[in-house]
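FYI, side chains are in, hydrogens and waters are out, and symmetry mates aren't considered; it's all heavy atoms of this structure.
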Amino acid sequence: MENGAVYSPTTEEDPGPARGPRSGLAAYSFLDRLRWDRRVLKGLQLLLSLLAFICEEVVSQCTLCGGLYFFEFVSCSAFLLSLLILIVYCTPFYERVDTTKVKSSDFYITLGTGCVFLLASIIFVSTHDRTSAEIAAIVFGFIASFMFLLDFVIMLCAKRQESQLRKPENTTRAEALTEPLNA
């Protein structure tokens, strides 16, 4: 038998480079799991927390360093946590874990990070030495904390809307409840 006769009815032709499957890192990237507004917010959280951390690292001296060190810890942690959540959403790892746990973790991590980042920014405002790097770090810190809190509000609204869609409507008649069972 000839190979062409055996395999031709079931074999697809080579799709070529234009229609082929994704390869490399693109094969492991799934950006469509998040809506476009949440993707933008996650990207801004990542970028702004990194910029706040970089600006804070540029500060060479401080008089009251407690606020600076707390801000450094929070901005670095916010960057790493937002990077972790974004990696989970955009890779096949999302399918390996329970998606409700991922969304719940994202919900609470975003709330906690936004609140602590806001607190760290407020503390840093009260202890900074008014250098341009500190002011830039504070501005990026406040904007990043508002991005985290805005993302939390969007997730909270989506959660409430989802729970209202699941809530069954009371369509049973009141008359049916008062009728005897063996009538």
Side-chain angles (χ1 to χ4, degrees), residues 21-22 24-56 67 70-126 137-183:
R22 299 186 308 178
L25 286 178
Y28 298 104
S29 177
F30 303 99
L31 293 175
D32 57 343
R33 291 194 183 121
L34 291 171
R35 290 188 341 239
W36 70 271
D37 56 342
R38 297 268 330 276
R39 272 183 286 186
V40 169
L41 280 173
K42 293 289 181 196
L44 285 173
Q45 291 167 8
L46 188 70
L47 178 69
L48 291 168
S49 58
L50 177 64
L51 288 174
F53 179 70
I54 290 172
C55 289
E56 172 276 324
F70 183 56
F71 187 84
E72 175 183 14
F73 171 73
V74 171
S75 60
C76 182
S77 298
F79 170 72
L80 293 174
L81 285 171
S82 59
L83 181 64
L84 175 70
I85 291 292
L86 200 58
I87 286 172
V88 168
Y89 272 120
C90 296
T91 59
F93 187 71
Y94 181 80
E95 296 162 353
R96 292 186 183 151
V97 295
D98 187 13
T99 58
T100 57
K101 288 183 182 178
V102 171
K103 290 179 181 180
S104 178
S105 297
D106 185 19
F107 184 79
Y108 291 112
I109 287 172
T110 303
L111 172 63
T113 305
C115 291
V116 173
F117 213 154
L118 185 61
L119 177 68
S121 298
I122 291 170
I123 291 172
F124 192 31
V125 162
S126 65
I138 290 168
V139 168
F140 287 131
F142 274 115
I143 296 172
S145 62
F146 291 133
M147 290 300 123
F148 279 103
L149 293 174
L150 179 63
D151 193 17
F152 168 73
V153 168
I154 289 173
M155 285 189 284
L156 183 67
C157 291
K159 208 175 209 181
R160 283 189 174 180
Q161 185 178 18
E162 183 180 305
S163 69
Q164 286 188 357
L165 290 176
R166 283 191 201 164
K167 187 187 290 186
E169 294 182 25
N170 192 4
T171 57
T172 59
R173 296 184 328 195
E175 302 158 1
L177 296 175
T178 58
E179 293 179 7
L181 293 176
N182 45 348

#### Entry: Other residues, nucleotides, ligands: >12 heavy atoms within 6.0 Å of K103 NZ
no

### Atom CZ of F73: over 12 foreign heavy atoms under 6.0 Å
no

### Task
May I have the step-by-step check of side chain to side chain contact (heavy atoms under 4.5 Å, CB included) for F146 and L118, ending in yes or no?
CA-CA 8 Å; F146 291 133; L118 185 61; 4.2 Å; yes

### Message
Quick one: does any side-chain atom of T113 pair with a main-chain N or O of T110 as donor and acceptor, under 3.5 Å?
### Response
no

### Query
Does the S82 side chain pair with the main chain of F79, one donor and one acceptor, at a distance under 3.5 Å?
yes

Minimal non-hydrogen separation, [X] against [Y], with atom names:
| X | Y | value |
| --- | --- | --- |
| F117 | V74 | CA-CG1, 3.6 Å |
| F148 | G114 | CB-CA, 3.5 Å |
| D106 | I85 | OD1-CG2, 3.5 Å |

Enter the distance from [X]:[atom1] to [Y]:[atom2] here, rounded to the nearest 0.5 Å.
| X | Y | atom1 | atom2 | answer |
| --- | --- | --- | --- | --- |
| L86 | L81 | CG | CG | 12.5 Å |
| L119 | F124 | CG | CZ | 13.5 Å |
| L149 | I154 | CG | CD1 | 11.5 Å |

#### Entry: Row check, Y89 ring normal vs K42 NZ/CZ: under 6.0 Å, within 45°
no

### Sub-4.5 Å side-chain heavy-atom contact between Y94 and V102
yes

